[in-house]
Amino acid sequence: MRIAFVGLGIMGKHMARNLITAGHEVTVFDIVPAAVDELVRAGATPAGSASAAAATSEITITMLPDGPEVQAAILGPEGVLAGAQAGSAIVDMSSISPLVAQKVGAACAGKGIGFLDAPVSGGEPKAADGTLAIMAGGDAALFERVRPVFDVLGASATLTGPVGAGNVTKLANQIMVACNIAAMGEALVLATKAGLDPEVVFNAVKGGLAGSTVLNAKAPMVINRNFKPGFRIKLHQKDLRNALLAAESMKVSLPLTSLVQQALISLMNSGAGDLDHAAIVTWIEQMAGCEVRKPS
Ligand code: NAD
């Protein structure tokens, strides 16, 4: 297929590369020229704008930080929608507010362009391996048309409802991940302060009910004091903000999410916004005066 890819950051660069490796003709655009150059070296065709990338493509994928960037890149004057051919499709794989996804979807429908919101879970390692979990919202026939592309990018792709449902599902995912990391932090701080080796504690519990993908990915990072992103604190803060705004519009109370959101804001103010979200643990460490590391 001829595929345009817009947004070549931590996630997008791997996803675009996997599409090239799978034999698709990939045209790329990012506002950062170095990001485009990296993909051109991997076999992509460069475009000077999002609209130019879309003009020659059957499917345009966007992978951008948040709703404002998605609206600029799709609905803006040089955006995807300005260039997209009738009958083509736009798949936004960024994590954004479901309300913004619905607004973009309506604008696409008005021009006869199909739209799916299809955010992902799994982080950079799974983006690189092509084993992301993809959660999509939109028309079932369009979802089936795009499925071969999802099969390259992910290990699973699930249609959870109409446009916006993909991002509601992603927000549910982000609530579970953030609260899991915070709970893991409290547990490992307690164990470390009690004089235990946190790595031994991690190995003891990971096969039991407390075991999780989050624990397996993040506990070793904390124990090794490796907070290289990964998934940045400031992006998770954005996701919980979107979750709390969506919850407020539906009069849903999310007390645990609110608390972790306060931790993320505090971490951003202390300069940790670009660290991996495993650094949520450092907020709990500061309150306990105890760092999770192996005994020396
Ligand atoms: P990133 O900040 O590394 O990459 C975003 C890219 O978009 C950058 O290269 C930036 O230059 C580009 N960009 C911004 N505005 C643009 C515009 N108007 N036109 C073209 N390009 C533009 O972010 P990321 O970590 O790759 O995350 C992308 C999305 O995926 C986010 O919504 C994030 O929440 C979600 N996500 C990330 C991870 C992760 O582990 N990093 C995991 C799951 C989901």
Side-chain angles (χ1 to χ4, degrees), residues 1-9 11-12 15-16 19-20 22 24-31 36 39 44-120 132 134-154 157-170 242:
M1 276 189 218
R2 282 174 286 117
I3 299 173
F5 208 107
V6 177
L8 306 166
M11 300 293 282
M15 296 162 73
L19 291 169
I20 296 167
H24 295 291
E25 281 177 49
V26 180
T27 304
V28 293
F29 175 70
D30 193 291
I31 50 174
V36 173
L39 263 294
T45 304
S49 65
S51 69
T56 55
S57 301
E58 297 153 73
I59 295 175
T60 300
I61 297 175
T62 48
M63 192 56 170
L64 301 159
D66 195 7
E69 292 85 2
V70 169
Q71 292 194 68
I74 297 182
L75 306 181
E78 287 193 278
V80 175
L81 202 49
Q85 300 166 2
S88 67
I90 299 173
V91 182
D92 178 42
M93 302 191 76
S94 328
S95 305
I96 66 171
S97 158
L99 303 173
V100 175
Q102 286 164 351
K103 180 181 166 191
V104 174
C108 292
K111 292 192 84 176
I113 310 285
F115 179 80
L116 297 176
D117 67 316
V120 305
L132 292 164
I134 299 166
M135 39 213 95
D139 174 67
L142 179 58
F143 177 76
E144 289 309 325
R145 215 173 99 205
V146 178
R147 192 189 277 282
V149 173
F150 289 153
D151 286 344
V152 172
L153 302 176
T158 310
L159 186 69
T160 62
V163 170
N167 275 292
V168 173
T169 310
K170 173 66 183 178
N242 286 337

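Computed from heavy atoms alone, side chains included, the values below leave out hydrogens, waters and symmetry copies. Just so it is clear, the structure is predicted and the values come from calculations on it, not from any experiment.
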| request: Just jot down the side-chain hydrogen bond (donor to acceptor under 3.5 Å, both in side chains) partners of Ser49, sequence neighbours excluded, or say none. | output: Ser51
| note | Between Leu64 and Gly7 the two heavy atoms that sit nearest each other are CD2-CA, 3.9 Å
| note | Here the gap from Thr56 atom OG1 to Glu25 atom CD, rounded to the nearest 0.5 Å, amounts to 8.5 Å
| field | Any residue meeting side chain to side chain contact (heavy atoms under 4.5 Å, CB included) with Pro162, in chain and number order, not counting sequence neighbours | value | Ala165
| query | Between atom NE2 of His24 and atom OG of Ser57, what is the distance when rounded to the nearest 0.5 Å? | reply | 12.0 Å
Considering only distance and modelled atom types, tabulate donor-acceptor pairs under 3.5 Å from the side chains of residues 78-85, sequence neighbours left out.
unit_1	atom_1	unit_2	atom_2	d
Gln85	NE2	Ala55	O	2.5

| message | Measuring from atom CD1 of Ile134 to atom CG of Leu159, what distance do you get when rounded to the nearest 0.5 angstrom? | response | 12.0 Å
| Does Lys170 reach the main-chain N or O of Val120 with its side chain, forming a donor-acceptor pair under 3.5 Å? | yes
| query | Got Ile20 and Leu39 here, is their nearest side-chain heavy-atom distance under 4.5 Å? | reply | yes
| note | For Ala107 and Leu75, the nearest pair of non-hydrogen atoms, with its separation, is CB-CD2, 3.6 Å
| field | By side chain to side chain contact (heavy atoms under 4.5 Å, CB included) - contacts of Ala109 (at least two apart) | value | none
| query | Going through the distances and angles, do Met93 and Leu132 end up as a side chain to side chain contact (heavy atoms under 4.5 Å, CB included)? | reply | CA-CA 11 Å; Met93 302 191 76; Leu132 292 164; 5.8 Å; no
| query | Do Val149 and Val91 touch side chain to side chain, with heavy atoms closer than 4.5 Å? | reply | no
| said: Going by the rule side chain to side chain contact (heavy atoms under 4.5 Å, CB included), which residues pair with Leu99 if we only count those two or more places apart in sequence or in a different chain? | reply: Ser97, Gln102
| Shortest non-hydrogen contact between Pro119 and Gly166, atoms and distance | CG-O, 3.3 Å
| field | Atom of Phe29, atom of Gly48 and distance for their closest heavy-atom approach | value | CE1-O, 3.5 Å
| field | Side-chain (Asp117) to main-chain (Gly164) donor-acceptor, under 3.5 angstrom | value | yes
| query | Given side chains that start at C-beta, do those of Leu116 and Leu142 come closer than 4.5 Å, heavy atoms only? | reply | yes
| query | Between CG of Asn167 and CG of Asn242, what distance do you get to the nearest 0.5 Å? | reply | 8.0 Å
| Which value, rounded to the nearest 0.5 Å, describes the distance between Ile74 atom CD1 and Thr62 atom OG1? | 4.0 Å
| task | With sequence neighbours excluded, tell me which residues meet side-chain hydrogen bond (donor to acceptor under 3.5 Å, both in side chains) with Thr160. | result | Thr169
| query | Which is it for Asp66 and Ser94 under the side chain to side chain contact (heavy atoms under 4.5 Å, CB included) test, yes or no, and what are the steps along the way? | reply | CA-CA 7 Å; Asp66 195 7; Ser94 328; over 6 Å; no
| For the atom pair CG (Asp92) and CD1 (Ile61), what is the distance rounded to the nearest 0.5 Å? | 10.0 Å
| message | To check you understand the geometry: which heavy-atom pair defines the closest contact between Phe150 and Ala118, and what is its length? | response | CZ-CB, 3.8 Å
| task | Please check if the side chain of Thr45 supplies one atom and the backbone of Thr27 the other of a donor-acceptor pair under 3.5 Å. | result | no
| field | Heavy-atom closest contact (Ala101 atom, Ile96 atom, distance) | value | N-CD1, 3.7 Å
